[in-house]
Structures are given as structure tokens and as C-alpha cells.
Amino acid sequence: MSMFSAFNINASGLTAQRYRMDVISENVANANTTRTEDGTPYRRKAVTFAQKGDQASFSSVFGTVSGGYKGQGVKVTSVFEDHETPMNMVYDPSHPDADENGYVTYPNVNIVMEMTNLIDASRAYEANATAFNASKSMALQGLELRQQ
């Protein structure tokens with residue numbers, strides 16, 4: 001693996017985790033949004049990642065370990081709305097979005113879960129930044145050895 005491949009892999013991880021943090025921030029910001037442009041309550045969004053490049057199976061990677069498996073980084077494959085988690089129903093007959101029974105449908109955003117996901121994304125971002133800095137440090141040391 002070349003020096004620049006390591007930089008590209010770490011940079012793709014930084015970009016993906018930053019995007020994940022942006023989506024989590026959007027979820028937290030819309031935790032009380034009962035009406036979006038289409039008239040429905042906000043739905044929680046989630047991000048999925050995949051490996052860049054060819055999708056190698058475990059057996060093919062395991063079989064070619066001696067040849068040196070070369071990763072290419074990570075990419076965001078999709079951002080999808082969570083239709084599995086139920087929406088929060090709160091009794092508030094005075095709310096303008098209340099139904100005929102007085103219940104308001106609030107988004108399916110759980111602040112505790114979103115903050116946990118934000119901490120996870122933040123730690124992954126820090127890990128990629130640390131790996132990037134380690135790669136940079138090794139490259140600089142190699143250049144310094146070359147000068148001597």
C-alpha cells in the first residue's frame with residue numbers, strides 16, 4: 001500500500017463520519033418537528049456505509065492475504081428514513097397538528113440514541129484523524145531519512 005493510499009483511505013473515513021454527524025445533527029434539530037413541507041412529521045434519518053471499489057467477499061480476502069489486500073476506503077451508500085421505529089404520540093389537544101383524538105405525532109427521534117450515535121461518529125472521526133496524522137508522521141520521517 002502506498003503512502004497516498006493510506007491518506008485516501010483515512011480521508012474517506014473522515015468525510016463519511018463527518019457526513020454521518022451532519023445527519024445526526026439534522027435529526028436532533030428536528031426532534032420536535034411535527035410538520036414538514038409535505039405535511040407529515042419529520043422522520044429520523046440514518047446513514048449506511050460501504051467499502052469503496054470492488055466488493056470483496058471474506059473468502060476472497062482471506063485467500064489473498066499473502067498477496068496483500070488493498071482497501072480503498074469507505075463511501076456513503078445511502079441516507080434513508082427510519083420507518084421501523086414508531087412515531088411518538090403525545091396527547092396535546094391544543095396543538096395545531098393534533099388529530100381528532102387530541103394526539104400529536106412527533107418524530108421518531110430518540111435524543112439519547114442520537115447523542116450516542118454522535119459520540120460514536122465523533123470517536124470514529126478522531127480515530128481516522130489519528131491514523132491520518134500517523135501516516136503523515138511516517139511519511140515525514142521517511143523524507144527526513146532520505147535527506148541524511
Side-chain angles (χ1 to χ4, degrees), residues 1-65 67-141:
M1 175 169 32
S2 74
M3 171 181 59
F4 295 111
S5 294
F7 290 149
N8 289 335
I9 290 169
N10 291 317
S12 72
L14 288 166
T15 303
Q17 292 302 333
R18 173 60 193 260
Y19 188 76
R20 182 178 171 209
M21 287 189 275
D22 289 344
V23 170
I24 293 168
S25 298
E26 180 183 338
N27 289 340
V28 171
N30 288 297
N32 293 319
T33 303
T34 58
R35 188 181 313 168
T36 58
E37 291 129 7
D38 62 357
T40 60
Y42 178 82
R43 284 202 173 268
R44 176 183 177 272
K45 294 179 181 165
V47 179
T48 57
F49 299 137
Q51 174 185 334
K52 279 186 178 178
D54 297 331
Q55 298 298 319
S57 66
F58 177 77
S59 60
S60 68
V61 171
F62 187 71
T64 60
V65 167
Y69 177 71
K70 295 179 175 120
Q72 297 176 7
V74 66
K75 64 181 176 181
V76 174
T77 55
S78 69
V79 177
F80 64 94
E81 291 185 348
D82 180 7
H83 290 277
E84 307 244 340
T85 308
M87 302 297 265
N88 298 324
M89 302 296 288
V90 176
Y91 183 73
D92 185 5
S94 64
H95 195 283
D97 292 329
D99 63 9
E100 62 276 351
N101 297 324
Y103 284 94
V104 180
T105 305
Y106 279 94
N108 56 350
V109 176
N110 180 344
I111 297 296
V112 173
M113 185 174 74
E114 296 300 324
M115 294 307 294
T116 304
N117 289 339
L118 186 61
I119 291 168
D120 180 48
S122 175
R123 296 287 188 239
Y125 186 91
E126 289 174 9
N128 278 294
T130 301
F132 188 90
N133 287 332
S135 297
K136 185 172 70 171
S137 175
M138 285 188 279
L140 288 174
Q141 287 178 356

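Excluded from the calculations below are hydrogen atoms, water molecules and symmetry mates; all remaining heavy atoms, backbone and side chain alike, are included. For reference, positions follow the sequence shown, starting with 1.
- Using bins of under 30°, 30° to 60° and over 60° for the plane-to-plane angle, the ring pair Phe132/Phe7 lands in the tilted bin.
- Counting heavy atoms from C-beta outward, Val90 and Tyr103 have side chains that stay 4.5 Å or more apart.
- Residues His95 and Thr34 form a side-chain contact, since some pair of their non-hydrogen atoms from C-beta on lies under 4.5 Å apart.
- Residues Met21 and Ala121 come closest through the heavy atom pair CG-CB, 3.6 Å.
- Between Lys75 and Tyr19 the shortest side-chain heavy-atom distance does not fall below 4.5 Å.
- Across Glu114 and Val109, no two heavy atoms sit closer than the pair CG-CG1, 3.7 Å.
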Check the pair Asp92, Ser94 against side chain to side chain donor-acceptor pair (under 3.5 Å), reporting the backbone distance first and the verdict last.
CA-CA 5 Å; Asp92 185 5; Ser94 64; 2.8 Å; yes
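- The backbone N or O of Val74 sits less than 3.5 Å from a side-chain atom of Ser12, completing a donor-acceptor pair.
- Between Val28 and Ile111 the shortest side-chain heavy-atom distance falls below 4.5 Å.
- The two residues Asn10 and Ala131 make their nearest non-hydrogen contact at OD1-CB, 3.4 Å.
- In this structure the side chain of Asp82 never reaches within 4.5 angstrom of the side chain of Arg43, judged on heavy atoms.
- Rounding to the nearest 0.5 Å gives a distance of 12.0 Å between CE of Met87 and OH of Tyr106.
- Listed for the Asp99 side chain is a donor-acceptor partner under 3.5 Å among the backbone atoms of Asn101.
- Contact between Arg20 and Asn117 at its shortest, heavy atoms only, is NH2-O, 3.7 Å.
- We find that Glu26 and Lys45 are joined by a salt bridge, their nearest charged nitrogen and carboxylate oxygen being less than 4.0 Å apart.
- For Met115, the CE atom sits in a loose shell: 12 or fewer heavy atoms of surrounding residues, nucleotides or ligands are nearer than 6.0 Å.
- The main-chain N or O of Arg44 is found under 3.5 Å from a side-chain atom of Asn108 such that the two form a donor-acceptor pair.
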Does the side-chain contact (heavy atoms from CB on, under 4.5 Å) test come out yes or no for Gln72 and Ile9, once each step is laid out?
CA-CA 6 Å; Gln72 297 176 7; Ile9 290 169; 5.6 Å; no
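- Within a 6.0 Å sphere centred on CZ of Phe49, heavy atoms belonging to other residues, nucleotides or ligands number more than 12.
- Asn27 and Tyr42 are linked by a side-chain donor-acceptor pair at a separation below 3.5 angstrom, with hydrogens and angles left out of the test.
- Rounding to the nearest 0.5 Å gives a distance of 11.5 Å between CG of Asp22 and CD of Gln17.
- For Pro107 against Thr33, the heavy-atom pair with the smallest separation is CG-O, 3.1 Å.
- Judged by distance alone, the side chains of Asn128 and Thr130 never bring a donor and an acceptor atom under 3.5 Å apart.
- Under a 3.5 Å cut-off, the side chain of Thr116 and the backbone N or O of Val112 do form a donor-acceptor pair.
- In terms of modelled atom types and a separation under 3.5 Å, the side chain of Ser137 and the main chain of Asn133 share no donor-acceptor contact.
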